[in-house]
Amino acid sequence: MPECLLSKQVAPRSANAMFLTDVIAGLSKAQKRIPCKYLYDMRGSQMFDTISEQPEYYVTRTELAIMREYAAEMATALGEGVMLVELGSGSSIKTELLLAQFRRPVAYVPVDISGQHLQQTANRLRRMYPRIEILPVRGDFTQPFRLPASAQSLTHRAVYFPGSTIGNFEIRAAIELLGHVARVCGAGGSLLIGIDLQKDVRVVEAAYNDAAGVTAEFNLNLLRHVNRELDANFDLKKFAHRACYDEANHCVDIRLVSRCKQVVHLNGIDFSFEKEETIHTEYSHKYTIDGFASMAGRSGFQLQKVWTDPRQYFAVLHLELPKSSTIRSA
């Protein structure tokens, strides 16, 4: 199979070296930041599943409702003989609805950074769908990886990117990622992607500041992850969660805020924090359908079909690459 530009399988030592490099680089910036992919260690992945159950968090609930109603249409649109590659697969709950509707799928390739969580999900899906080859890939889906070879020949590839995870990327990075996705799909390939739509700011902000504090704990768990894997000494009690909507850029801006002046030690380096200084951890962009289709069009994707909910809170888009076209660079 050809090399695909999405995720790179790495040994744990190499993964930790990359983690350390990314965290040191991020904390050394004027605006401190840690990439959001590191939110998803085993505990973080489990906590995100809990976030999805909170009454304020409409995203997963709404997308699941769309999938339950239209999964058969989506599977038909993606076609037979497909290898389905899912980015940031997590628990693959929505994917179960899709896999159940496919006719003669070749393989399912879940890609996720949390190795233990990924393997548990892959084992469960093998029991549920013994006729579908399950080929998990542990890694960061924004980096290159070699797509696993399937035992059967396939007609085409389709990338499934649910949860509006694309919204976690700044616009330029999102465009670059869509270019990588296009190369994975190849000419004639498909993209099935969930996007969170623009709506009342109060609804959006409540979703990232749930009353039970689960999202806050999820965000703070990033520092726990850094402490455990990189031998840092972040005191979680000295940081707070903050999530505010940026109306100019149509995104939720999520940060960890230092409650006091302090110094954190990591790998022999001291990082100083002023009171109220922040670590940026995540964006969550909200889109219009036309705006997203235009952005994806820069990588050659053409919008085919849209499925949404009655309140127009969320949408699942099916986009295709022409069979005879050259994949354009993002």
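Between atom CZ of residue R298 and atom CD1 of residue I175 there is a gap of 4.0 Å, rounded to the nearest 0.5 Å. The distance from atom CD of E63 to atom OG of S52, rounded to the nearest 0.5 Å, is 9.5 Å. Separation of atoms CG (L99) and CG (L84) is listed at 6.0 Å; rounding is to 0.5 Å.
The minimum heavy-atom distance between S153 and V106, with the atom names listed, is O-CG2, 3.4 Å. Listed here is the closest heavy atom pair of P136 and R126: CD-NH2, 3.3 Å. Nearest heavy-atom pair, S272 versus V263, reported as atom, atom and distance to 0.1 Å: OG-CG2, 3.9 Å. Of all heavy-atom pairs spanning M83 and P148, the tightest one is CE-O, 3.7 Å.
Inspection of the Q262 and S258 side chains reveals an N or O donor paired with an N or O acceptor under 3.5 Å. For the residue pair Y108 and E86, a side-chain donor N or O sits within less than 3.5 Å of a side-chain acceptor on the partner. For the residue pair T62 / D309, no side-chain donor-acceptor distance below 3.5 Å is found, with atom types taken as modelled. A donor atom on one side chain and an acceptor atom on the other are found under 3.5 Å apart for Q31 and T278. Under the 3.5 Å distance criterion, with hydrogens and angles disregarded, no donor-acceptor pair is assigned to the side chains of N227 and R224. With no hydrogens or angles considered, a side-chain donor-acceptor pair links T142 and D140 at under 3.5 Å. A donor and an acceptor atom, one from each side chain of S284 and Y208, are located under 3.5 Å apart.
A cation-pi arrangement is absent between R61 and Y58 under the rule of less than 6.0 angstrom and at most 45 degrees off the ring axis.
No single ILVMFWY cluster, assembled from side-chain heavy atoms under 4.5 Å apart, contains both V257 and L39. Under the 4.5 Å side-chain contact rule for hydrophobic residues, V214 and V203 share a cluster. V264 is connected to I24 through a chain of hydrophobic side-chain contacts under 4.5 Å among Ile, Leu, Val, Met, Phe, Trp and Tyr, so both are in one cluster. By the rule that hydrophobic residues join a cluster once side-chain heavy atoms approach within less than 4.5 Å of another member, L20 and V226 end up as members of one cluster. Both M295 and F301 belong to a common hydrophobic cluster when Ile, Leu, Val, Met, Phe, Trp and Tyr are linked at side-chain heavy-atom distances under 4.5 angstrom.
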ask   = side-chain contact (heavy atoms from CB on, under 4.5 Å) between V109 and I134: does it pass, once the steps are laid out?
value = CA-CA 6 Å; V109 181; I134 310 296; over 6 Å; no
Test log, rule side-chain contact (heavy atoms from CB on, under 4.5 Å), inputs E96 and R124 = CA-CA 10 Å; E96 292 177 17; R124 188 185 79 249; 2.5 Å; yes
task = Show the numbers, then the answer: is there a side chain to side chain donor-acceptor pair (under 3.5 Å) between Q119 and N123?
result = CA-CA 6 Å; Q119 197 56 55; N123 290 338; 3.3 Å; yes
inquiry  = Determine whether R127 and L125 satisfy the following criterion, side-chain contact (heavy atoms from CB on, under 4.5 Å), listing intermediate values before the conclusion.
reply    = CA-CA 5 Å; R127 292 191 295 270; L125 292 175; over 6 Å; no
inquiry  = Run the side-chain contact (heavy atoms from CB on, under 4.5 Å) test on L223 and I279 for me, step by step, so that the C-alpha distance in whole Å, both residues' side-chain angles and the decisive distance to 0.1 Å come before the verdict.
reply    = CA-CA 10 Å; L223 302 184; I279 304 172; 4.2 Å; yes
key: Test side chain to side chain donor-acceptor pair (under 3.5 Å) applied to N221 and D41, step by step   = CA-CA 9 Å; N221 183 64; D41 62 348; 3.0 Å; yes
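Taking the six-membered ring where the residue is Trp, F292 and Y287 present perpendicular rings, their angle passing 60° and hence far from 30°.
A salt bridge links R43 with E217: the closest approach of a Lys/Arg side-chain nitrogen to an acidic carboxylate oxygen falls below 4.0 angstrom. Using a 4.0 Å cut-off between charged side-chain N and carboxylate O, D22 and K37 make a salt bridge. A salt bridge links D196 with K199: the distance from a Lys NZ or Arg NE/NH1/NH2 to an Asp or Glu carboxylate oxygen falls below 4.0 Å. Salt bridge status for R242 with E276: present, with a side-chain N to carboxylate O gap under 4.0 Å.
Residues K32 and F273 form a side-chain contact, since some pair of their non-hydrogen atoms from C-beta on lies under 4.5 Å apart. Side-chain atoms of Y283 and F169, non-hydrogen and from C-beta on, never get closer than 4.5 Å to each other. Side-chain contact check for D253 versus H280: some heavy-atom pair is nearer than 4.5 Å. Contact of the P105 side chain with the Y129 side chain is not registered, since no non-hydrogen atoms from C-beta on lie closer than 4.5 Å. Put simply, the side chain of V23 reaches to within 4.5 Å of the side chain of L230, judged on heavy atoms. Put simply, the side chain of L98 reaches to within 4.5 Å of the side chain of Y160, judged on heavy atoms. Here the side chains of R157 and L147 are in contact, with some heavy-atom distance below 4.5 Å. K286 is not listed as a side-chain neighbour of L197, based on a closest heavy-atom distance of 4.5 Å or more.
Under a 3.5 Å cut-off, the side chain of N209 and the backbone N or O of A243 do form a donor-acceptor pair. Side-chain atoms of D112 do not come within 3.5 Å of backbone N or O of L118 as any donor-acceptor pair.
Residues that satisfy the side chain to side chain donor-acceptor pair (under 3.5 Å) test with R259, not counting sequence neighbours, are absent from this structure.
Separation of the H225 and F19 ring centroids falls under the 6.0 Å cut-off. Aromatic pair F271/F234: centroids not less than 6.0 angstrom apart.
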For residues 65-79, dump all side-chain donor-acceptor pairs below 3.5 Å to protein atoms at least two apart in sequence or in another chain.
residue, atom, partner, partner atom, Å
E73, OE1, W307, NE1, 2.8
T76, OG1, A72, O, 3.0

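Heavy-atom contacts from other residues, nucleotides or ligands closer than 6.0 Å to CG of D231 number 12 or fewer.
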